[in-house]
Trainee: 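Please see the structure below; I have some questions.
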Amino acid sequence: QVQLVESGGGLVQAGGSLRLTCAASGSLFSISAMGWYRQAPGKPRELVATIPSGGSTNYADSVKGRFTISRDNAKNTVYLQMNSLKPEDTAVYYCNADIRYLSGVLRRRDFWGQGTQVTVSS
């Protein structure tokens, strides 16, 4: 089966930086778009940034100029570099990937990681 495993969350002061990592493993055939989403307490999950297998990246307005998404296709890994963090960035961050995988036959669906907590103190 396919798994997405995130790491890199934690507690940081406002203005600080964190780097999130998400690695995909399992019976992968190919990965199309990858992305990061976040969910703060009492709020719906929202898009942070996405990166296709080729082409331009996409960011939420609230993180433009502060966050950078990148990927290493050889390692099936996506990163989120978060700089100039603000208290309003506090949330659980989830990795997402559009993956073709082998399960008897070739299948395709979205996969989600388990989430990693990011807390920014003021």
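Just so it is clear, the structure is predicted and the values come from calculations on it, not from any experiment.
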Trainee: To the nearest 0.5 Å, what is the distance between CD (Gln13) and OG (Ser121)?
Mentor: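 That separation rounds to 5.0 Å.
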Trainee: How many angstroms lie between atom OG of Ser27 and atom CG of Leu106, to the nearest 0.5 angstrom?
Mentor: 11.0 Å
Trainee: If you round to the nearest 0.5 Å, how far is OG1 of Thr21 from CG of Leu80?
Mentor: 9.5 Å
Trainee: Between CZ of Phe111 and CD of Gln3, what distance do you get to the nearest 0.5 Å?
Mentor: 10.0 Å
Trainee: Same cluster or not: are Trp112 and Val78 linked, directly or through other Ile, Leu, Val, Met, Phe, Trp or Tyr residues, by side-chain heavy atoms under 4.5 angstrom apart?
Mentor: no
Trainee: Tell me, yes or no, whether the heavy-atom count around Gln114 atom CD, taken from other residues, nucleotides or ligands under 6.0 Å, exceeds 12.
Mentor: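 Enclosed: over 12 neighbouring heavy atoms sit under 6.0 Å from CD of Gln114.
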Trainee: Would you please test Ser17 and Gln81 for side chain to side chain contact (heavy atoms under 4.5 Å, CB included) and show each step?
Mentor: CA-CA 8 Å; Ser17 297; Gln81 178 66 44; 4.0 Å; yes
Trainee: Is there a path of hydrophobic side-chain contacts, each under 4.5 Å between heavy atoms of I/L/V/M/F/W/Y residues, joining Trp36 to Val118?
Mentor: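 Yes, Val118 connects to Trp36 through the hydrophobic network.
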Trainee: After noting the C-alpha distance and the side-chain angles of Gln117 and Thr119, does the key distance pass the side-chain hydrogen bond (donor to acceptor under 3.5 Å, both in side chains) rule?
Mentor: CA-CA 6 Å; Gln117 177 70 47; Thr119 303; 3.3 Å; yes
Trainee: Which distance, rounded to the nearest 0.5 Å, do you find between the CD of Glu6 and the CG of Asn96?
Mentor: 10.0 Å
Trainee: State, with a plain yes or no, whether a side-chain heavy atom of Val48 is found less than 4.5 Å away from one of Tyr59.
Mentor: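 Side-chain contact under 4.5 Å: no.
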Trainee: With salt bridge (Lys or Arg N to Asp or Glu O under 4.0 Å) as the rule and sequence neighbours excluded, what pairs involving residues 107-122 come up?
Mentor: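 Listed by first then second residue: Asp98-Arg108.
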Trainee: Yes or no on side chain to side chain contact (heavy atoms under 4.5 Å, CB included) for Leu28 and Leu102, after CA distance, side-chain angles and deciding distance?
Mentor: CA-CA 7 Å; Leu28 302 173; Leu102 294 172; over 6 Å; no
Trainee: Checking Leu18 against Asn83 for the side chain to side chain contact (heavy atoms under 4.5 Å, CB included) test, could you report, in this order, the C-alpha distance in whole Å, the side-chain angles of both residues, the deciding distance, and whether it holds?
Mentor: CA-CA 7 Å; Leu18 284 173; Asn83 299 328; over 6 Å; no
Trainee: Is there a donor-acceptor pair under 3.5 Å between the side chain of Thr90 and the backbone N or O of Val120?
Mentor: yes
Trainee: Of all the heavy-atom pairs spanning Ala14 and Ser122, show the shortest one and how long it is.
Mentor: CB-CA, 4.4 Å
Trainee: Would you kindly check if the NZ (Lys) or CZ (Arg) of Arg19 is within the cone defined by 45 degrees around the ring axis of Tyr79 and under 6.0 Å from the six-membered ring centre?
Mentor: yes
Trainee: Rounded to the nearest 0.5 Å, what separation is found between the CE atom of Met34 and the SG atom of Cys95?
Mentor: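 Nearest 0.5 Å value for the CE-SG distance: 5.0 Å.
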Trainee: Say whether Arg45 and Tyr37, considering side chains only, have a donor N or O and an acceptor N or O under 3.5 Å apart.
Mentor: no
Trainee: Do side-chain atoms of Ser30 reach the backbone of Arg100 as a donor and acceptor pair under 3.5 angstrom?
Mentor: no
Trainee: Under a 4.5 Å cut-off applied to non-hydrogen side-chain atoms, are Arg38 and Val63 in contact?
Mentor: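 Result yes, sub-4.5 Å side-chain heavy-atom pair found.
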Trainee: If you look only at distance, which donor and acceptor atoms sit under 3.5 Å apart when one is on a side chain in residues 66-73 and the other is two or more places apart or in another chain?
Mentor:
| unit_1 | atom_1 | unit_2 | atom_2 | d |
| --- | --- | --- | --- | --- |
| Arg66 | NH1 | Ser84 | O | 2.9 |
| Arg66 | NH1 | Asp89 | OD2 | 2.8 |
| Arg66 | NH2 | Ser62 | O | 2.9 |
| Arg66 | NH2 | Asp89 | OD1 | 3.0 |
| Arg66 | NH2 | Asp89 | OD2 | 3.4 |
| Arg71 | NE | Asn73 | OD1 | 2.7 |
| Arg71 | NH1 | Ser32 | O | 2.8 |
| Arg71 | NH1 | Ile51 | O | 3.2 |
| Arg71 | NH1 | Pro52 | O | 3.1 |
| Arg71 | NH2 | Ile31 | O | 3.4 |
| Arg71 | NH2 | Ser32 | O | 3.1 |
| Arg71 | NH2 | Asn73 | OD1 | 3.2 |
| Asp72 | OD1 | Ala74 | N | 3.1 |
| Asp72 | OD1 | Lys75 | N | 3.3 |

Trainee: Using the rule that Ile, Leu, Val, Met, Phe, Trp and Tyr join whenever any side-chain heavy atoms are under 4.5 Å apart, tell me whether Leu4 and Tyr101 fall into a single cluster.
Mentor: yes
